[in-house]
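Here is the naming used below: chain letters follow the sequence lines, and residue numbers restart at 1 for every chain.
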Protein chains: 2
Amino acid sequence: MTSRQLELLQIAQALFKEKGYAAASVRDIAKAANVEPASLYSHFSGKEDLLDATCFEMAEKFLTAIEEVNDIYFNAEQRLHMAVHNHVKILTENLNASYVFQREWRHLGEPRKSEFIELRNRYEDGFRKIIENGIEEGLFNEVDIKIATLTLLSSLNWIVEWYRTDGAKGAEQIADQLYGFILTGLRKDPL
Amino acid sequence: MTSRQLELLQIAQALFKEKGYAAASVRDIAKAANVEPASLYSHFSGKEDLLDATCFEMAEKFLTAIEEVNDIYFNAEQRLHMAVHNHVKILTENLNASYVFQREWRHLGEPRKSEFIELRNRYEDGFRKIIENGIEEGLFNEVDIKIATLTLLSSLNWIVEWYRTDGAKGAEQIADQLYGFILTGLRKDPL
DNA sequence: CTTTGCCTAACGAATGTTCGTTTATGACTT
DNA sequence: AAGTCATAAACGAACATTCGTTAGGCAAAG
């Protein structure tokens with residue numbers, strides 16, 4: 001990936017987020033890059049190539065992160081803490097790409113779509129394992145593992161909807177608050 | 001809204017969910033309805049009309065529900081319980097429309113998009129108020145209200161991604177589990 | 001002299017929509 | 001009962017526009 005490719009890719013990602021993949025035309029991307037539409041084809045094989053690169057590069061980042069966490073022998077609570085922080089970090093550092101990764105992957109054609117779903121499932125499995133272990137270790141409540149995993153991830157993923165880099169809160173702060181919320185819930189402990 | 005209009009609207013909603021608004025063409029919708037594309041214009045003024053009807057009808061349902069809850073004078077925990085149940089109920093009873101309501105509203109043109117966002121904010125405010133009151137009443141932890149609201153709603157909204165009507169769990173069951181999770185979190189209370 | 005990046009021009013296909021017309025159904029009038 | 005009208009629903013054909021993409025060439029840099 002040349003630096004020019006990366007440049008154009010990021011421009012495309014911003015538009016995919018703003019308008020959605022289908023509604024963001026090649027001409028839109030070209031205009032945002034101050035270039036004629038045809039010029040993009042010197043760098044990418046086509047529109048879907050831009051989506052493909054985005055989805056799979058992000059998938060790799062997320063997967064690497066969770067596998068690193070699960071390779072370390074800590075207890076479930078510590079691993080969950082690390083996993084949440086890593087997730088929020090990747091997400092806030094690649095805000096546009098993360099949005100596309102989460103919401104626009106379905107526009108991939110086969111067989112890439114199926115391959116992508118496979119990677120995504122492996123990532124979810126990483127979180128599922130942590131919750132599972134946490135219950136076994138007696139640290140976590142005996143919740144429905146599937147629902148808990150999805151709820152956990154959805155809380156994290158919704159960040160792409162509202163997080164702004166110019167906001168008051170940094171990624172670390174948000175990760176801490178979310179982790180606290182997920183772990184202890186809303187209800188105040190009786191005194 | 002005639003019965004035929006409702007019929008066609010639901011067909012369109014299913015396609016908007018499956019492919020996204022931009023990628024679902026009028027010809028796709030017509031084919032799914034066993035009708036020529038032009039025939040749709042006897043019932044709707046255009047493609048965006050289908051999106052508009054979906055978004056605003058759902059907005060009204062959600063808004064009515066939260067305002068009913070907040071008009072009743074109960075404590076915050078009870079109100080939150082009712083709000084969560086209502087939200088999950090509306091969502092599972094209108095699965096396709098809810099998906100469109102959440103993910104595709106940005107394809108509305110102005111001024112309808114701004115009007116929609118206004119309604120959406122009012123709905124979020126309803127939840128925000130409950131959390132705020134809960135903290136005042138000493139029932140809830142002193143969390144960041146904005147983040148707690150968004151996290152809460154995101155947990156609920158992600159249901160549209162994985163809920164299937166043929167699944168083992170009913171809406172009530174899921175609402176209960178989510179409510180429990182939100183209220184008490186993952187961590188087990190020390191014995 | 002080859003490579004890199006971008007250009008102009010154009011392609012066929014798909015897009016949302018409009019037009020005038022036709023068919024079927026049911027109600028009201030004679 | 002027969003004839004008239006209104007309405008709803010769908011049709012086939014065509015519209016201008018936009019879509020992703022390709023072909024071939026031009027200029028600057030290594």
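With a 6.0 Å cutoff to the six-membered ring centre and a 45° limit on the axis angle, B:Lys47 does not count as a cation-pi contact of B:Phe16.
Note: NE2 (B:His107) to C1' (C:dT15) measures 15 Å, nearest angstrom. Atom pair B:Arg27:CZ and C:dA13:P shows a separation of 14 Å (rounding to whole Å applied).
Taking the six-membered ring where tryptophan is involved, the planes of B:His85 and B:His81 are tilted, since the angle between them lies from 30° to 60°. In this pair, A:His87 and A:Phe62 present their aromatic rings tilted. The plane angle is within the 30 to 60° band.
Taking every nucleotide of DNA chain D with any atom under 4.0 Å from a non-hydrogen atom of chain B, the first and last of them, 5' to 3', are D:dA9 to D:dA14.
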**OP:** Report the C-alpha distance between A:Glu124 and A:Arg120 in whole Å, list the side-chain angles of each, state the deciding distance to 0.1 Å, and finish with yes or no for salt bridge (charged side-chain N to carboxylate O under 4.0 Å, His left out).
**Re:** CA-CA 6 Å; A:Glu124 285 183 14; A:Arg120 204 162 202 288; 3.5 Å; yes
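Annotation for B:Leu40 and B:Ile29: closest pair CD1-CG2, 4.0 Å, computed over non-hydrogen atoms.
B:Asn96 places none of its side-chain heavy atoms less than 4.5 Å from the side chain of B:Thr54.
Taking the six-membered ring for Trp and the full ring otherwise, the centers of A:Phe101 and A:Phe116 sit less than 6.0 Å from each other.
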Shorter than 3.5 Å, N or O on both sides, protein versus nucleotides 4-8 of chain C: list them out with atom names.
{"unit_1": "C:dC6", "atom_1": "OP1", "unit_2": "A:Arg4", "atom_2": "NE", "d": "3.3"}
{"unit_1": "C:dC6", "atom_1": "OP1", "unit_2": "A:Arg4", "atom_2": "NH2", "d": "3.0"}
{"unit_1": "C:dC6", "atom_1": "OP2", "unit_2": "A:His43", "atom_2": "NE2", "d": "2.7"}
{"unit_1": "C:dC7", "atom_1": "OP2", "unit_2": "A:Glu36", "atom_2": "N", "d": "2.5"}
{"unit_1": "C:dC7", "atom_1": "OP2", "unit_2": "A:Ser39", "atom_2": "OG", "d": "2.7"}

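Residues A:Arg128 and A:Glu132 are not paired through a salt bridge, judged by the lack of any N-O separation under 4.0 Å between the basic side chain and the carboxylate.
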